[in-house]
Student: 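One structure follows; several queries about it will come next.
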2 protein chains.
Amino acid sequence: MATLKQVAAHAEVSVQTVSNALNAPHRLRADTLARVNRSIELLNYRPNRNARSLRTSAVELIGYCVPNWPNRTHLVMDQFLHALCAAAERTARHILLFTAEPGVDGMPTYDDLHARRLVDGFVLSQTETRDPRHGWLKNQEIPFVSFGRVWKETTQPGPWVDVDGAAGSALAVRHLYDTGRRRIAFVGWPKSSGLGEDRLGGWRTECKRLGLPTTSLAVRCREDSIEEGARVTGELLDAGREVDGIVALSDILALGALRELTRRGLRPGPDVGVTGFDDSPLAEVVSPGLTSFRQPMDLIAEELIAILTGGSGGAPAERLLQPELVIRGSSVPG
Amino acid sequence: MATLKQVAAHAEVSVQTVSNALNAPHRLRADTLARVNRSIELLNYRPNRNARSLRTSAVELIGYCVPNWPNRTHLVMDQFLHALCAAAERTARHILLFTAEPGVDGMPTYDDLHARRLVDGFVLSQTETRDPRHGWLKNQEIPFVSFGRVWKETTQPGPWVDVDGAAGSALAVRHLYDTGRRRIAFVGWPKSSGLGEDRLGGWRTECKRLGLPTTSLAVRCREDSIEEGARVTGELLDAGREVDGIVALSDILALGALRELTRRGLRPGPDVGVTGFDDSPLAEVVSPGLTSFRQPMDLIAEELIAILTGGSGGAPAERLLQPELVIRGSSVPG
DNA sequence: CTGAAAGCGCTTACAG
DNA sequence: CTGAAAGCGCTTACAG
């Protein structure tokens with residue numbers, strides 16, 4: 001493994017000049033630069049990142065805590081991680097994975113990774129309603145950025161990027177309205193979820209704007225499962241509420257709706273329009289395909305990395321991105 | 001941020017002694033150790049990992065390439081990553097994520113990460129049939145271990161850990177036999193998949209051993225989708241092959257089978273027993289629940305890390321682990 | 001059991 | 001435009 005010193009000797013310049021060739025090539029005369037680069041190539045030199053980090057005290061590694069939810073499924077995690085990695089790499093950084101206890105119990109792990117200089121900062125995801133991590137990190141002055149809001153009453157500590165769930169729901173209602181539906185239900189989560197309430201609000205507002213009924217048309221599941229989605233869909237249908245559209249809070253719940261409709265001989269799409277959220281791989285793979293909202297993963301990742309690495313320019317950055325409606329068979333009348 | 005030097009000054013010992021307190025405490029007298037530890041605690045000292053790595057030339061980071069398969073779903077990736085992280089952390093290591101071009105085009109990325117000392121070695125996953133990465137890394141003498149076999153005719157380069165798919169299929173057949181099925185079909189992948197052929201072989205062998213028919217009972221899907229699973233299940237039923245059991249090569253295909261059975265008024269479980277593979281989150285969430293094989297993720301991760309960090313003791317390690325049958329409604333007759 | 005010294009491979013003011 | 005020197009924060013033989 002060649003070192004800077006060996007390259008310098010080979011090119012007959014000082015180590016400083018080789019370092020400049022790599023990090024500030026404009027400081028070298030063209031012929032010197034060419035000579036140094038030839039030596040670098042010849043010796044197959046790769047700068048040792050540890051030595052660099054020790055000197056600059058920047059490791060160019062970003063910590064991400066890999067979630068462990070035995071009960072919840074994170075169907076788009078591979079998409080998110082891939083986008084995050086790719087965005088980090090565009091700034092010559094990488095993602096370091098770690099595990100930690102949930103909530104505040106895990107914070108010493110974050111602190112330790114930062115203090116030992118394994119990472120420069122963190123990307124938080126799987127943000128919980130009233131997530132305690134943000135305030136803790138901000139307090140310790142550890143750099144971080146959050147994917148997702150914490151839905152506190154107070155201002156959220158630190159910068160964040162999120163997808164506009166209310167706008168998504170509104171768009172879903174509008175789309176179902178445009179395909180002729182007039183009684184559009186909402187299948188959601190328990191009240192404790194800030195994200196759930198946000199999306200519910202979007203549904204209600206848009207229904208009212210369009211003059212559609214909302215009374216008795218919002219139902220809540222106990223958990224995010226196909227079973228629960230099917231159960232509450234059954235309730236909606238049993239009660240004779242003449243539902244012809246369903247905005248589901250997640251793809252999993254939407255799948256439950258599809259199953260229950262099919263079981264009762266109703267055709268998802270022609271008879272009842274159904275939409276999900278997150279455009280998980282499942283949405284594409286079921287039949288009829290599930291209309292859903294794609295989170296703009298590449299953009300999300302890009303913003304997260306930009307905020308985290310961009311230095312703290314004044315007020316904390318807050319970016320609300322728009323989801324994109326992906327229309328498939330489950331919402332198409334014909 | 002306190003340094004070794006400051007701790008040494010505070011405890012009135014040399015830096016060497018502080019270093020020993022951390023890395024070889026048995027070398028210190030008990031009272032010295034106690035004094036040093038008090039200073040460490042008081043100053044909230046955390047050793048800088050970069051400095052350590054520079055000195056020892058071990059970064060204690062393991063590279064893992066995050067897959068980007070728009071068409072295939074990796075439903076247990078979060079489980080795998082969590083297990084891998086946890087196992088790495090038990091040896092004071094972490095996982096570094098990166099992206100790379102598929103196949104041999106991505107190898108310069110692997111090489112670079114290793115040469116710049118961002119990682120000590122790699123865990124390979126998403127192993128493809130005839131995967132070129134293993135030979136390449138072995139050639140470059142870059143440490144790695146593979147989750148999954150490459151199914152070449154020749155000996156596989158480098159160490160690996162895998163789950164015994166043939167044994168899984170055999171176990172599935174046996175389980176369906178034990179629940180009274182006598183015409184057990186196999187729903188698989190194209191011939192090009194080594195993994196697929198392995199599991200197919202297990203089904204065939206076990207059927208023969210039990211005296212069950214196999215002729216016309218093995219069908220192949222074009223891709224791993226619910227749609228395809230449903231289609232070939234339809235074929236099996238149309239042809240009047242009197243199938244009463246289905247061993248599907250994946251949970252996704254099994255889900256297709258369940259859908260098609262239900263669509264035709266057949267009850268998965270009582271009428272036709274169905275099993276999947278991988279015990280993805282879907283298996284639990286559908287109704288009836290899908291009987292499937294759980295990969296022993298924690299054990300897999302443990303072995304991968306042990307092999308990668310355990311030094312090269314003689315012959316390359318090869319570990320074939322047994323999957324565990326998780327029985328749910330889809331295979332239960334009553 | 002403890003300590004002084006060299007060195008891992010870089011980068012960064014600073015001087016020429 | 002180029003170079004000599006100091007130093008980032010550790011660990012590791014080696015000597016006492």
Side-chain angles (χ1 to χ4, degrees), chain A residues 1-40 43-61 92-93 112-120, chain B residues 1-40 43-61 92-93 112-120:
Chain A
M1 205 84 267
T3 68
L4 203 60
K5 213 167 160 182
Q6 293 169 330
V7 175
H10 186 270
E12 298 182 308
V13 293
S14 70
V15 291
Q16 147 83 304
T17 299
V18 180
S19 179
N20 279 337
L22 257 25
N23 302 315
H26 59 275
R27 289 197 199 154
L28 302 203
R29 239 172 32 211
D31 59 330
T32 315
L33 181 58
R35 187 151 44 95
V36 172
N37 279 337
R38 210 173 317 122
S39 294
I40 288 175
L43 298 180
N44 191 23
Y45 169 68
R46 278 18 116 76
N48 181 314
R49 183 68 155 272
N50 280 313
R52 174 176 221 274
S53 294
L54 177 57
R55 196 52 242 255
T56 64
S57 81
V59 285
E60 323 222 298
L61 250 34
R93 289 174 176 83
D112 216 53
L113 288 169
H114 181 253
R116 307 179 102 100
R117 310 313 342 270
L118 268 87
V119 304
D120 295 325
Chain B
M1 205 82 270
T3 67
L4 203 60
K5 212 168 161 182
Q6 293 169 330
V7 175
H10 186 271
E12 298 181 308
V13 292
S14 71
V15 291
Q16 147 81 305
T17 299
V18 181
S19 179
N20 278 337
L22 258 24
N23 302 315
H26 59 275
R27 289 200 198 153
L28 303 202
R29 239 171 32 212
D31 60 330
T32 316
L33 182 58
R35 186 153 43 95
V36 171
N37 279 336
R38 210 174 314 123
S39 296
I40 288 175
L43 298 179
N44 191 22
Y45 169 68
R46 280 14 119 74
N48 181 312
R49 184 68 156 271
N50 281 312
R52 173 175 223 274
S53 294
L54 179 57
R55 195 53 243 252
T56 64
S57 83
V59 285
E60 322 222 301
L61 252 33
R93 288 174 177 83
D112 217 52
L113 288 168
H114 181 253
R116 306 178 102 99
R117 310 313 344 268
L118 268 89
V119 303
D120 295 325

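Keep in mind that this is a model prediction, so the values were computed, not measured. Sequence lines set the chain letters: A, B, ... in the order given, protein chains first and strands last, and positions in each chain run from 1.
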Student: Could you write out DNA chain C as a dot-bracket string, with dots for unpaired bases, | for bases paired across to another strand, and Watson-Crick or G-U pairs counted at under 3.5 Å?
Tutor: |||.||||||||.|||

Student: Can you tell me if the side-chain N/O atoms of A:Thr17 get under 4.0 Å from OP1 or OP2 in D:dG3?
Tutor: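 It does, given that an N or O in the side chain of A:Thr17 lies less than 4.0 Å from OP1 or OP2 of D:dG3.
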
Student: Got a sec, which residues hit side chain to side chain donor-acceptor pair (under 3.5 Å) with A:Asp120, two or more places apart in sequence or on another chain?
Tutor: A:Arg117

Student: So, OP1 or OP2 of D:dT2: does either fall under 4.0 Å of a side-chain N or O from A:Thr32?
Tutor: yes

Student: Tell me, with the steps shown, if B:Leu118 and B:Val59 meet side-chain contact (heavy atoms from CB on, under 4.5 Å).
Tutor: CA-CA 7 Å; B:Leu118 268 89; B:Val59 285; over 6 Å; no

Student: Kindly write out the residues that satisfy salt bridge (Lys or Arg N to Asp or Glu O under 4.0 Å) with A:Arg38, not counting sequence neighbours, or none if the list is empty.
Tutor: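 A:Arg38 satisfies salt bridge (Lys or Arg N to Asp or Glu O under 4.0 Å) with no other residue.
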
Student: Under the salt bridge (Lys or Arg N to Asp or Glu O under 4.0 Å) test, which residues partner B:Arg35, sequence neighbours left out?
Tutor: none

Student: Using the test side chain to side chain donor-acceptor pair (under 3.5 Å), find all partners of A:His114 that sit at least two apart in sequence or belong to another chain.
Tutor: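 With sequence neighbours excluded, A:His114 shows a side chain to side chain donor-acceptor pair (under 3.5 Å) to no residue whatsoever.
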
Student: Restricting to salt bridge (Lys or Arg N to Asp or Glu O under 4.0 Å), what partner residues turn up for A:Arg46, sequence neighbours left out?
Tutor: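 Applying salt bridge (Lys or Arg N to Asp or Glu O under 4.0 Å) to A:Arg46 gives B:Asp111, B:Asp112.
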
Student: Going by the rule side chain to side chain donor-acceptor pair (under 3.5 Å), which residues pair with A:Thr32 if we only count those two or more places apart in sequence or in a different chain?
Tutor: none

Student: Output one letter per nucleotide in nucleotides 8-16 of chain D: B when a protein non-hydrogen atom lies under 4.0 Å from the base, S when only the sugar-phosphate is that close, - when neither is.
Tutor: BBBBBB---

Student: If a pair satisfies salt bridge (charged side-chain N to carboxylate O under 4.0 Å, His left out) and one of its residues is in residues 21-32 of chain A, list it, with sequence neighbours excluded.
Tutor: A:Arg29-A:Asp31

